[in-house]
Amino acid sequence: MAALVRNDSRIILHLVTPPRSHVKDLRTNFIQDYDCFYASVFEVEQPALKSLPLAVQQKQIVVTCNYEARRRGLHKLQLIKDAKRICPDVVIVMGEDLTKFRNASKELYLFARSIVWGGRVEKLGFDELFLDVTEMIDYNTGVLNPNDLSNSFFHLDPKDPTVGFPYNATRFQGSTFPATEPDLIAPTDPSSLEMRLLVASHLQGHLRGMLEHQIGFTATGGISTSKLLAKLVGNVHKPNGQTTLLPPYTATGETPSNVSLFLDDHEIRKIPGIGSRIAQKLESHIIGQETVDEAITVRDVRQFPGMGAPLLEKVLGGPGSPKGIGMRMWNILHGVDNSEVLEGRDVPTQISIEDSYGRLDTLDSVRRELEILTRSLIRRMRTDLLDTSDDTVPQGQWRAHPRTLRLSTRPRPPPDTDTGRTYSYNRISRSTPLPPFIFNLDENIDALAERLVRESLISMFRKLHPEKSGWNLSLLNVAVTNMVERAGDQKKHSGRDIGKMFRQQETVLREWTVHEPESSPPVEAPPIEVSRLPPESPEIQPQLEDDWDDGDDEPVGMECPICGVSIPHFAQLAHQMYHSAPE
Ligand code: DGT
Ligand code: MG
């Protein structure tokens, strides 16, 4: 979980390079990431598992394991057979049905929203939250008594002065980066950044304590001034710890900023917002070879002769690359991230269910799998979109209606016989208006799923794959998107226009992630969207359902896994032939 605290005094962060306009204000962020999340969900159900090495299995992979298992040498994304060999008494539980993880994730999110003033809580994946606690810190630093800091009281409700917890405002709670003697870093000025961070560290500690004792989950936290820094500093003390990134955040004279001190040792690839292709381009530029195995750090890039936004623009820019990529990267290398914590939504922007397959190459098996996915999709729609709070409507009312049905597949083309390399292809999608019968609550889910497959999905599939056979799919995904909320519910989001909310989400995500170069959209039929996926490993395909991102997929050009160029759908075949042609 991460919380963001903004400081209205508009102190400038990271003076070094970005122009003033790039730094909106000074914020304090804390991140909380639940420890071994899926494993913890099982431990909360069965506390006896806590003392045993526990691994959660999806397909043939350990998707996560508890810290007892990690002590014995297991780790995330390990093959089950390896885990059994390394730790023969490992307890393995199946984690392919994500329902209980989704429910736990929702419970934790609602818990955080109930605490944070203004509800500024943003989910990142299943088990990470950013919390914008600016208002809470403003208020609580404002009521500090500088003469009696050790007997402070943190107010959780501005209207009821009895709600809150006592704390000692002469010490940070948890760890700090750099690690320092607590007495040497005790701030006294209530409006200083140090004090704001210190007060936030106590709120973070309190929330983590409540989570552990009331709900049963431990979490790891990070506290700083942006989502980027909070997320990274949150990794320093895992599990069940928290770390505050101490000021100074700007270099003064000979004293370097703690932000640089902290970031400089990070491998470039570990920085959120730097994708693997961008990291690769930076690495080959710095090391001077086309393909490099060596990982380079933020320091290596920052201190490379001549490095700056213009050089980054030259290295990373090019036809179709997003405007200003050089400056954006330069900012990230200095820990500058102005992205806001988004106010939580009560309904997701889309619901999507998927599965991956070793081999899926007959229409009958596709139909069967589509029915399975569609049944899960309808169940999820009923769980996430039905409002059951009104007793006079026993079945509940739809809080939102998705307008679009989308089918995506990921074809697996034959391996390149010359090199033995398997092409890693991206998804191709087709969308159509969602038939209204899907909202009929009197009909049972199996019948609805069978009808949706028969009347819509199979014909969408045929349009995506017009050939009768010869295709082999590694993935199917069925999604409902283009969510339109019921009028009354829209008011809950301060009457915001939904389209604007989608656009805002995209803008913020864009700020958070540096996208790879995009090409112009496909000229072919408008319903076809092509989106990217990271290159797959033939063995590791653990994700049963796709629930990482509530945001809508953006239609972008498909990226060639060999040369990285983004190619419109219609040009895929020609491009593939280009690579397979003899030199
Ligand atoms: P941590 O944070 O290191 O203590 O461990 P976790 O298990 O909380 O790991 P995290 O925070 O990266 O991811 C949260 C959950 O998401 C994790 O419990 C299992 C699932 N998960 C993580 N990575 C993957 C993945 O690559 N594939 C699949 N299918 N699930 C994943
Ligand atoms: Mg986690």
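The structure presented is a predicted model; accordingly, all values stated were derived computationally and were not measured. Both counts, for ligands and for their atoms, begin at 1 and track the order of listing.
Atoms of ligand 1 lying under 4.0 Å from at least one heavy atom of L77, given by number and element, are 25 (C), 26 (O). Distances below 4.0 Å separate heavy atoms of K238 from the following atoms of ligand 1: 1 (P), 2 (O), 3 (O). Atoms of ligand 1 found under 4.0 Å from any heavy atom of Q58, numbered from 1 in the order shown, are 28 (C), 29 (N). Ligand-side atoms of ligand 1 in range of D33: 2 (O), 11 (O), range being under 4.0 angstrom from any heavy atom. Short contacts between ligand 1 and R70, defined as distances under 4.0 Å to a heavy atom of the residue, involve ligand atoms 1 (P), 3 (O), 4 (O), 5 (O), 7 (O). Atoms of ligand 1 lying under 4.0 Å from at least one heavy atom of D35, given by number and element, are 4 (O), 8 (O).
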**OP:** Please assess I86 against Q78 for the test side-chain contact (heavy atoms from CB on, under 4.5 Å), listing each intermediate value before the final yes or no.
**Re:** CA-CA 11 Å; I86 294 164; Q78 187 171 37; 3.4 Å; yes
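Look at R102 and D384 and you find no salt bridge, because none of the NZ, NE, NH1 or NH2 atoms lies under 4.0 Å from a carboxylate O. Contact check on D355 versus K59 returns a salt bridge, with a Lys/Arg side-chain nitrogen under 4.0 Å from an Asp/Glu carboxylate oxygen. The pair D33-K238 counts as a salt bridge, with a side-chain nitrogen and a carboxylate oxygen less than 4.0 angstrom apart. Salt-bridge annotation for R120 and E135: absent, with no side-chain N of the basic residue lying under 4.0 Å from a carboxylate O of the acidic one. The pair E68-K50 fails the salt-bridge criterion, with no side-chain N (NZ, NE, NH1 or NH2) lying under 4.0 Å from an Asp/Glu carboxylate O.
For the pair L232/F262, a side-chain contact is recorded, criterion being any heavy-atom separation below 4.5 Å from C-beta on. Inter-residue side-chain proximity for L385 and P348 is flagged as met; some heavy-atom pair is nearer than 4.5 Å.
Ligand 1 has at least one atom lying under 4.0 Å from a heavy atom of Y67. Using a 4.0 angstrom heavy-atom cutoff, C36 counts as in contact with ligand 1. Residue-ligand proximity: Y34 is placed with a non-hydrogen atom under 4.0 Å from ligand 1. At a 4.0 Å cut-off, not a single heavy atom of K59 sits close enough to ligand 1 to count as contact.
Counting only distance, with no hydrogens or angles, the side chain of E371 and the backbone of A449 share no donor-acceptor pair below 3.5 Å. Side-chain atoms of N258 come within 3.5 Å of backbone atoms of L246 as a donor-acceptor pair (strictly under, hydrogens ignored).
Closer than 2.8 Å to the Mg ion (ligand 2) sit the protein N, O or S atoms D33 OD1, Y34 O, D127 OD2.
Between H206 and F165, the angle of the ring planes stays under 30°, which puts this pair in the parallel group of the 30/60° scheme.
Comparing heavy-atom distances from atom 8 (O) of ligand 1 across L124, L98, D127 singles out D127 as nearest.
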